[in-house]
Amino acid sequence: MTDPFGFLKTPRQPIPARPTDERLGDWHEVYAGQTLLPVVSRQAGRCMDCGIPFCHDGCPLGNLIPEWNVYAAHGDWSAAAERLHATNNFPEFTGRLCPAPCEDACVLSINAEPVTIKNVEQAVADQAWEQGYVSPLPPQRHSGRTVAVVGSGPAGLAAAQQLTRAGHTVAVYERADRLGGLLRYGIPAFKMEKRHLDRRIEQMEAEGTIFRCGIDVGRDLDVAEVRTRHDAVVIAVGATLARELPVPGRELHGIFQAMDYLTASNRVSEGDYAQPPVTAEGRHVVIIGGGDTGSDCLGTTLRQGAASVVQLDINPEPAPVRPDSQPWPVYPKIYRISHAHEEARGRDGADPRTFSTATMRFEGDASGRVRALCLTEVEPSARRPLAGTERVLPADLVLLALGFSGPERDTGLVRQLGLTLDARGNFARDADFAARPGEWHGGTAEPTARSVADGVFVAGDAGRGQSLVVWAIAEGRSAAAATDRYLSGSTELPSPIAATDQPLRP
């Protein structure tokens, strides 16, 4: 174990990001080149080795956090990596992208600063790669069964790796030209460089997973053919149906969905474009939406050289500390500052966010381009406009980062498989991730079939709705276990969550 008094002797010390002026000049990760060791080892030594590690419950993967904290504290990176990979296929993804609900569930956070679990996780994962502890794990035997995984985001990749290692022949179908889903085209490189994704895909190929890009199942490839080729199908297409903002002026040029903008920017990093088709350079930018996608847009616009950036959030400004209504160990809604917010503050000296505001309309010029945005303050609870609070912001680039309402519905995949929607707009499934027939809750593309083919499973945001990368990986692992059980009659694959499980909430 670690020093039992380590949490009393050592103060919390997160790894510092690079200076804002330095990182705004490139697209490298905000921590690129920063020394993680030996700071991380000392921080891992703060772990209390508590009798009931609530950090396990804060993490849907059930990561064995106290165990790899002990190994990291003693510098045993091989053992730490083994315990980390025991529950997480891609810890270098979560160590960079997850907002770490495990830290808010840490017992220390009841009345002190929690362990820097996220930093430790990233350090262990990076050390595992640098010291050669990560290698392909091909199956020792093949089952003779085949599985199609539709979608190559974190849920699809996790499901594919688990099923391949269980001995099944797995083919991943991705409609984009490259693998990774939002990991590839939605997450900016300054949050996670794509080399981390590429080397995991290389590992999976060496294990035997087959990847087929540029194939939209249901359009380019008939679902019946997929069903003929494979014994089971895992649907992991994500929740990519972006929410709209139906206000006057929405049709003006210069208003884009955030994911379209981020994808174009990421394609520059991939070498597809010399310059982005849509750029914030020299423009007055307004980002509508206060979540992670809005923050990603903020960091991207700053690196592109925006003249000004404002981020609008309809929600009230959160309190700086955990409110009584959100007690430990739940993940609280508090005032948080992302790296992008920090960068904006470093450039302009102020938080770019404006809380409790709603967009009333867009105004344009004679050529049909957006030139301004009219907003109003709203009541914190009812979100009704407050009279006399309207004002106008200059805007010649507007990015809609309002989240996603579920998977795309008007597709050949949906119609040919007979997938139906639950009340929340996600693909209907049972607690064991199997797609199930049900009522169609909205939309015009009602499935032509009223029953779902046997052996079809739904994983990730397509069944859960938009969520965190750590939930997507947990869903992929659990869906793989359900699929393996369907194919083999039993399974030894871990299933960290049920499809009906939810995050810790008050």
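For this chain, numbers begin at 1 and follow the sequence in order.
For Asp126, the CG atom is densely surrounded, since the number of other residues' heavy atoms within 6.0 Å is greater than 12. Annotation: Glu130, atom CD; neighbour count of heavy atoms from other residues, nucleotides and ligands within 6.0 Å is above 12.
Side-chain N or O atoms of Thr2 include one that pairs as donor or acceptor with a backbone N or O of Cys47 at under 3.5 Å. Using modelled atom types, no side-chain atom of Glu475 and backbone atom of Ala155 make a donor-acceptor pair closer than 3.5 Å. Distance alone, capped at 3.5 Å, is enough to place a donor-acceptor pair between the Asn119 side chain and the Ile15 backbone. Judged by distance alone, the side chain of Asn63 and the main-chain N or O of Ile65 form no donor-acceptor pair under 3.5 Å. Distance alone, capped at 3.5 Å, places no donor-acceptor pair between the Arg199 side chain and the Gln203 backbone. The backbone N or O of Glu317 sits nowhere less than 3.5 Å from a side-chain atom of Arg353 that would complete a donor-acceptor pair. Between the side chain of Gln13 and the main chain of Gln43, no donor-acceptor pair closer than 3.5 Å is present. Between the side chain of Thr209 and the backbone N or O of Glu205 there is no donor-acceptor pair closer than 3.5 Å. The backbone N or O of Arg429 sits less than 3.5 Å from a side-chain atom of Arg436, completing a donor-acceptor pair. For Gln466 (side chain) and Asp461 (main-chain N/O), no donor-acceptor pair under 3.5 Å exists by modelled atom type.
Nearest approach of Pro188 to Leu262, heavy atoms of both residues: CG-CD2, 4.4 Å. Annotation for Asp324 and Pro327: closest pair O-CD, 3.7 Å, computed over non-hydrogen atoms. Shown here for Trp129 and Glu92, the closest heavy-atom pair between the two residues is NE1-OE2, 3.3 Å. Shortest non-hydrogen contact noted between Ser265 and Trp27 is OG-CH2, 3.8 Å. Residues Cys59 and Val470 come closest through the heavy atom pair SG-CG2, 4.0 Å. In this structure, Ala73 and Ala44 approach most closely via the heavy-atom pair N-CB, 3.8 Å.
Gln161 has its side chain within reach of Phe90: a pair of non-hydrogen atoms, C-beta onward, lies under 4.5 Å apart. Side-chain contact between Cys213 and Tyr173 is absent, with no heavy-atom pair separated by less than 4.5 Å. Residues Leu108 and Glu113 are not in side-chain contact: their nearest non-hydrogen atoms beyond the backbone lie 4.5 Å or more apart. Two residues are said to be in side-chain contact when any heavy atoms from C-beta on lie closer than 4.5 Å; Tyr31 and His339 meet this criterion. Looking only at side-chain heavy atoms (C-beta outward), His168 and Ser488 come within less than 4.5 Å of each other. Side-chain atoms of Pro60 and Asp501, non-hydrogen and from C-beta on, never get closer than 4.5 Å to each other. Within the 4.5 Å cutoff, side-chain heavy atoms of Trp68 are placed close to those of Glu121. Between Tyr133 and Trp77 there is a side-chain heavy-atom pair separated by less than 4.5 Å.
Between Arg229 and Glu225 there is a salt bridge, with a side-chain nitrogen of the basic residue lying less than 4.0 Å from a carboxylate oxygen of the acidic one. Salt bridge absent: Glu103 and Lys118 never bring a charged side-chain N and a carboxylate O closer than 4.0 Å. Look at Arg267 and Asp177 and you find a salt bridge, because one of the NZ, NE, NH1 or NH2 atoms lies within 4.0 Å of a carboxylate O, short of that distance. A salt bridge links Asp104 with Arg336: the distance from a Lys NZ or Arg NE/NH1/NH2 to an Asp or Glu carboxylate oxygen falls below 4.0 Å. Salt bridge status for Glu270 with Lys194: absent, with no side-chain N to carboxylate O gap under 4.0 Å. Checked for salt-bridge contact, Arg415 and Asp410 meet the test: a charged N lies under 4.0 Å from a carboxylate O.
Counting only N and O atoms by type, the side chains of Thr94 and Asn88 include a donor and acceptor under 3.5 Å apart. A donor and an acceptor atom, one from each side chain of Asp484 and Gln162, are nowhere located under 3.5 Å apart. Judged by distance alone, the side chains of Tyr185 and Asp260 never bring a donor and an acceptor atom under 3.5 Å apart.
Here CD1 of Ile497 is found 4.5 Å from OG of Ser478. Values are rounded to the nearest 0.5 Å. How far CE of Met48 is from SG of Cys55: 11.0 Å, rounded to the nearest 0.5 Å. Taking CZ from Phe54 and CG from Leu504, the interatomic distance works out to 9.0 Å, rounded to the nearest 0.5 Å. Note that the NE2 atom of His196 and the CD1 atom of Ile201 stand 13.0 Å from one another [nearest 0.5 Å]. Here CG of Leu493 is found 10.5 Å from CZ of Arg165. Values are rounded to the nearest 0.5 Å. To the nearest 0.5 angstrom, Ile287 atom CD1 is 5.5 Å from Leu399 atom CG.
Screening Asn266, Thr263, Asp198 for a side-chain hydrogen bond (donor to acceptor under 3.5 Å, both in side chains) involving Arg184 leaves a single residue, Asp198.
Geometrically, Arg477 does not engage Phe433 in a cation-pi contact, judged by NZ or CZ lying under 6.0 Å from the ring centre and within 45° of the ring axis.
Classification of the Tyr335-Phe355 ring pair by plane angle, with boundaries at 30° and 60°, yields tilted.
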Inset, instruction - Begin with the C-alpha distance, continue with both residues' side-chain angles, and end with the deciding distance and a verdict on side-chain contact (heavy atoms from CB on, under 4.5 Å) for Leu64 and Leu84. - result: CA-CA 7 Å; Leu64 307 173; Leu84 182 55; over 6 Å; no
Inset, instruction - Output, in order, the C-alpha distance, side-chain angles, deciding distance and verdict of ring pair (Phe, Tyr, Trp, His ring centres under 6.0 Å) for Tyr486 and Phe457. - result: CA-CA 10 Å; Tyr486 166 79; Phe457 299 85; 5.8 Å; yes
Inset, instruction - Report the C-alpha distance between Leu413 and Glu408 in whole Å, list the side-chain angles of each, state the deciding distance to 0.1 Å, and finish with yes or no for side-chain contact (heavy atoms from CB on, under 4.5 Å). - result: CA-CA 10 Å; Leu413 178 71; Glu408 296 174 24; over 6 Å; no
Inset, instruction - Would you sort out whether Ile117 and Val120 count as a side-chain contact (heavy atoms from CB on, under 4.5 Å), showing the intermediate values? - result: CA-CA 5 Å; Ile117 299 171; Val120 178; 5.7 Å; no
Inset, instruction - Report the C-alpha separation of Arg96 and Glu29 in whole Å, then their side-chain angles, then the decisive distance to 0.1 Å, and conclude whether the salt bridge (charged side-chain N to carboxylate O under 4.0 Å, His left out) test is met. - result: CA-CA 9 Å; Arg96 287 169 166 82; Glu29 291 178 8; 2.9 Å; yes
Inset, instruction - Dump the intermediate steps for side-chain contact (heavy atoms from CB on, under 4.5 Å) on Ser381 and Arg383, then the final yes or no. - result: CA-CA 6 Å; Ser381 56; Arg383 294 184 175 180; over 6 Å; no
